[in-house]
Amino acid sequence: MEHHEIVIIGGGPAGLALALELHTLGLKDVVVLERELEAGGVPRHCGHFGFGIDNKNRFLTGPKFAIKLRELAEGLDIRTGTTVLEFTLRGTMRLHSASGISEMSATRIILATGTRESSRAARLIGGNRLSGVMNTGTFQQLVYIKHQKPFSNPVIIGSEWVSFSNLLTCRHAKIKPVCLITENANLDAPSYFGIGARLAFGVPTKRSTKLVSINGHEKVESVEVETNGHRETIACDGVIISGKFRSENALYSSGFIEQINTAPLTTESYRSSKPNIYAVGNVLGHLETAGACMLQGRKLAAMIATEFK
Amino acid sequence: MDKRFDIAVIGGGVVGLAILRRFAMSGLTCVLLEKGADILSGASKGNSALLHTGFDAPAKSLELQCMQAGYQEYFNIRQKLNLPLLETGALVIAWTQEESAALDGIVEKAHANSVSDVKRLTQTEIRIREPQISKSALGAVLVPGEHVIDPWSAPLAYAQQAIAHGAVILRNAEVTRVERANSDWRITSRSGDVLASTVINAAGLFGDKVEALAHESSFTIKPRKGQFVVFDKPAAKLARSIILPVPSEHTKGVVLFRTIFGNLAIGPTAEETEERTNPTTDSTTLEKLKSRAIEIVPALKDIDVTAIYAGLRPATERKDYIIEAHKVKNWISVAGIRSTGLTGSLGIAQHVVKLYAKHFGRLPKKLPEVIWTPVPNLAEQSIRPYMKGGEIICHCEWVTRGEIEAACQGPLPAGDLGGLKRRTRAMMGRCQGFYCGAEVTTLFEKAKHGTP
Ligand SMILES: Cc1cc2nc3c(=O)[nH]c(=O)nc-3n(C[C@H](O)[C@H](O)[C@H](O)COP(=O)(O)OP(=O)(O)OC[C@H]3O[C@@H](n4cnc5c(N)ncnc54)[C@H](O)[C@@H]3O)c2cc1C
Ligand SMILES: Cc1cc2nc3c(=O)[nH]c(=O)nc-3n(C[C@H](O)[C@H](O)[C@H](O)COP(=O)(O)OP(=O)(O)OC[C@H]3O[C@@H](n4cnc5c(N)ncnc54)[C@H](O)[C@@H]3O)c2cc1C
């Protein structure tokens, strides 16, 4: 079985920055496993501005940022098209790649698998099952990568900063959102996001408002919402369900390491309940900027490097 | 000239498809007309996927007869069609003294229905078999023969086998008119007209409407909705058996069951509704189902919900299946296949072909050679395509590009995105399309229209 000193699962900003820094610090037996055909992680399909290497000068678009990151990481052992399917009982990794299934072991394993938004199902949002209901992730990919316009007047659910990032994506695709809806009395993002949404994009924000159901026949026709006990139907042709990020936990959700709110339970030095397993970046459960995830990766690299001295 | 067939089946649900298969394999020329863009657009789209023994079915009913015949045939053909079987067994659990008192009656009834391996379990036996079940279980009945199957691959296999025996399946073909044309039926659909000597009405939730095209319907469909909540994969190891409640006078109650795809689900509710298509879910009911699941298996409280869905049972004012031949008119109604049709379909098909032979026409003496059309395996417990390599597109369910492309081709390609999901599992996992939704949709559009 193939064995390595360090295996990093996930080639997003956190995993790549970690690999890069380990390399700089002189550790050579480091492999990055990435299930997509190219490394770069989520920024690859965030076509808007707001990304900066190491969180500096955040003027790059996501795809440009991802290209830059891949350039920096050139020459490292990055295996794309390789999925870690699961951990075996012996603690090795079962892998899938174009040629089939294999197994790999490592002295240290780092989880850098990122985060995703919770789905409509996980939020138990009722109504009809229709096309035109999607997360920010799918919406961005459709617009920026597939150049499609899935709807014209959607309602956006959530008030985290990614919720507002949808406004940029909408503008890019000439889509005019009807409104932004949040269950909370205050926005999750800083309040100037709400003011900006109204003034710069003409999109009002409805607070303390819960999505009750999504209705329509083949496509979305309306949503029913409830504000302080008062119900209202809002016409729209799509729904973007954003935010409520949760750790991409498939690899450890069956109890391989201890968890807190579905994210790995870690010490300050990113160590999990198993001493040779670490977790870094958005897999820790919060949505940080890509640059912040890079910085976490670099920090962890320095800590691991000292263990080798 | 319109094309002429011996048999026209109206409705491409599991029942219509099983009937089509049996007629085609008997050597008759057959056509099936389905309203939806794909097969399984009605009741057969969302069910619990349990293969029932009939242990609790009404004694001597047609339903019991068809279920037991269907169960047997499923076992006989499943390997040749590559259809999976997850051998779970079921436990009917009593949670109150009153329910405990009913357990012996359940065993007696099962034995009377010739399901003779059904027996009582003690509290200790329950603990050993199901260590994760709430300690408040008082007693149980074990039904070893209740199992879990793949609700979509089975009817797809029936459809493909029918096609291999010469049957024609027309989709986007809502039947809007039927009339006598000499000794045939002329059937007008949105995909053109066909002539057939005998019509089988298997229109499920629209059975009464299709019946009314020919004559006054003797039954009315009263749809009964069932909602479900599906938990993420780690939940599957928390229950080995299907967990059934003791039925009360009013309801059969909700079931906790593993799925063939490696999840654990709870449902269905039983709600009278006016809806005949596109059943809605509602948050209040979903919350209740989730809480009930956690009551039964407390460890579920830490596990995410992967999916929610609802299905519609084509119930009627009558309790039993309605399978009737209208003698002078060469018309067979197959209706009210309410809540056991996935199991019963193969048995219903045997029964319908017998009715046909008795009333309308002889079957060819010489049977055509049997052709088997195995379907790709989607079940978690057997070898899946990704294990041989390829590029994974859906990272939650490990669905490959090759599988998605194959499902868009062949004799019965996916007719809509739902059909593609049912053929591959793509987008049905925990992220519900967050990662692969855009790619899968584009692949489908490309296959369908040649361009994205
Ligand atoms: C809509 C949206 C807008 C955003 N806007 C901005 C912005 O303007 N500015 C900014 O700085 N940040 C932004 N972000 C945040 C930024 O994208 C994330 O902080 C960053 O991508 C997190 O990096 P990561 O490496 O932790 O995870 P990810 O980028 O998610 O990378 C994880 C990688 O792991 C891989 N992986 C997962 N599981 C496996 C497995 N089992 N086997 C192999 N590989 C696996 C994945 O394919 C992925 O490539 C945005 C995020 C979203 C969703
Ligand atoms: C919640 C729930 C749980 C269930 N659980 C189980 C279970 O665990 N085990 C089990 O064995 N069974 C189960 N069932 C029962 C099973 O799903 C049904 O009995 C079965 O699907 C009925 O199939 P059908 O072919 O009669 O109807 P349908 O699937 O409704 O098929 C009828 C078809 O006819 C088409 N149609 C309608 N009108 C027209 C027209 N005018 N022209 C052309 N086509 C038309 C429709 O589009 C539809 O595709 C369950 C059902 C539900 C709802």
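Hydrogens, waters and symmetry mates are skipped; everything else that's a heavy atom, side chains included, is used. Since the structure is predicted, the reported quantities are computational estimates derived from the model, not experimental observations. Below, chains carry the letters A, B, ... as their sequence lines are ordered, and counting in each starts from 1.
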(message) Does any backbone or side-chain atom of A:S213 lie under 4.5 Å from a heavy atom of chain B? Answer side chain, backbone, both or neither.
(response) neither
(request) To the nearest 0.5 angstrom, please state how far the CD atom of B:Q432 sits from the CD1 atom of A:I241. (result) 10.0 Å
(request) Nearest 0.5 Å please: distance from the CG atom of B:D302 over to the CG atom of A:N261. (result) 10.0 Å
(request) Measure A:I101 against the heavy atoms of chain B and call it side chain, backbone, both or neither at under 4.5 Å. (result) both
(message) Quick check on the interface: out of A:Q141, A:H45, A:H147, A:Q140, who has the most heavy-atom pairs with chain B under 4.5 Å?
(response) A:Q141
(message) Tell me which of these, B:E439, B:K290, B:K237, has more heavy-atom pairs under 4.5 Å with chain A than the rest.
(response) B:E439
(request) Counting only heavy atoms closer than 4.5 Å, note whether B:E287 contacts chain A via side chain, backbone, both or neither. (result) both
(message) Could you measure the distance from the CD1 atom of A:I125 to the CG atom of B:D282? Nearest 0.5 Å is fine.
(response) 13.0 Å
(message) Is it the case that atom CD in B:E295 sees more than 12 heavy atoms from other parts of the structure closer than 6.0 Å?
(response) yes
(request) Output, in order, the C-alpha distance, side-chain angles, deciding distance and verdict of side-chain contact (heavy atoms from CB on, under 4.5 Å) for A:L85 and B:Y386. (result) CA-CA 11 Å; A:L85 298 172; B:Y386 78 86; 3.7 Å; yes
(request) Can you tell which part of A:R123 gets under 4.5 Å to a heavy atom of chain B, answering side chain, backbone, both or neither? (result) neither
(message) Heavy-atom pairs under 4.5 Å with chain B: which of A:T136, A:L142, A:L130 has the most?
(response) A:L142
(message) Using the rule given for side-chain contact (heavy atoms from CB on, under 4.5 Å), can you reason through A:N249 versus B:D304, listing the C-alpha separation, both sets of side-chain angles and the distance that settles it, and then say yes or no?
(response) CA-CA 10 Å; A:N249 65 349; B:D304 288 330; 4.0 Å; yes
(message) Looking at every heavy atom in both A:T115 and B:Y435, which two are closest together, and how far apart are they?
(response) O-OH, 3.5 Å
(request) Compare every heavy atom of A:S119 with every heavy atom of B:T306, then report the nearest pair and how far apart it is. (result) O-OG, 4.4 Å
(request) Give a yes or no on whether the backbone of A:H217 and the side-chain of B:N278 come within a donor-acceptor separation of less than 3.5 Å. (result) yes
(message) So which residue, A:M134, A:Q259, A:R246, ends up with the most heavy-atom pairs under 4.5 Å with chain B?
(response) A:R246
(message) I'd like to know if the side chain of A:H96 and the backbone of B:I392 have a donor-acceptor N/O pair within less than 3.5 Å.
(response) no
(request) Quick one: which of B:G433, B:C431, B:A235 has the most heavy-atom pairs under 4.5 Å with chain A, could you say? (result) B:C431
(request) Check A:V212 against B:S283 and note the closest heavy-atom contact, atom names and distance. (result) O-OG, 3.6 Å
(message) Surrounding NZ of A:K206 (heavy atoms of other residues, nucleotides or ligands, distance under 6.0 Å), is the total greater than 12?
(response) no
(message) Let's test your reading of the structure: which of B:T281, B:T400, B:V305 forms the most heavy-atom pairs below 4.5 Å with chain A?
(response) B:T281
(request) Tell me, for B:K233 versus chain A, whether the close heavy atoms (under 4.5 Å) come from the side chain, the backbone, both or neither. (result) neither
(request) Look up atom CE in B:M387 and atom CZ in A:R94, then write down how far apart they are to the nearest 0.5 Å. (result) 5.5 Å
(request) Considering only heavy atoms and a distance below 4.5 Å, find which of A:G127, A:A122, A:G137 pairs most often with chain B. (result) A:G127
(message) Under 4.5 Å from any heavy atom of chain A, what part of B:E275 do you find: side chain, backbone, both or neither?
(response) neither
(message) Out of B:G390, B:G437, B:A307, B:G429, return the one with the most heavy atom pairs under 4.5 angstrom to chain A.
(response) B:G390
(request) Take atom CD of A:E38 as the centre, draw a 6.0 Å sphere, and report whether it contains more than 12 heavy atoms from other residues, nucleotides or ligands. (result) yes
(message) Between B:E391 (side chain only) and A:G81 (backbone N and O only), is there a donor and an acceptor less than 3.5 Å apart?
(response) no
(request) Examine whether an atom of A:S131 lies under 4.5 Å from a heavy atom of chain B, and if so say whether it belongs to the side chain, the backbone or both; otherwise answer neither. (result) neither
(message) Show the nearest heavy-atom pair for residues A:A121 and B:I308, with the distance to one decimal.
(response) CB-N, 3.7 Å
(message) Checking the side chain of B:R430 only, and the main-chain atoms of A:E248 only, is there a donor and an acceptor separated by less than 3.5 Å?
(response) no
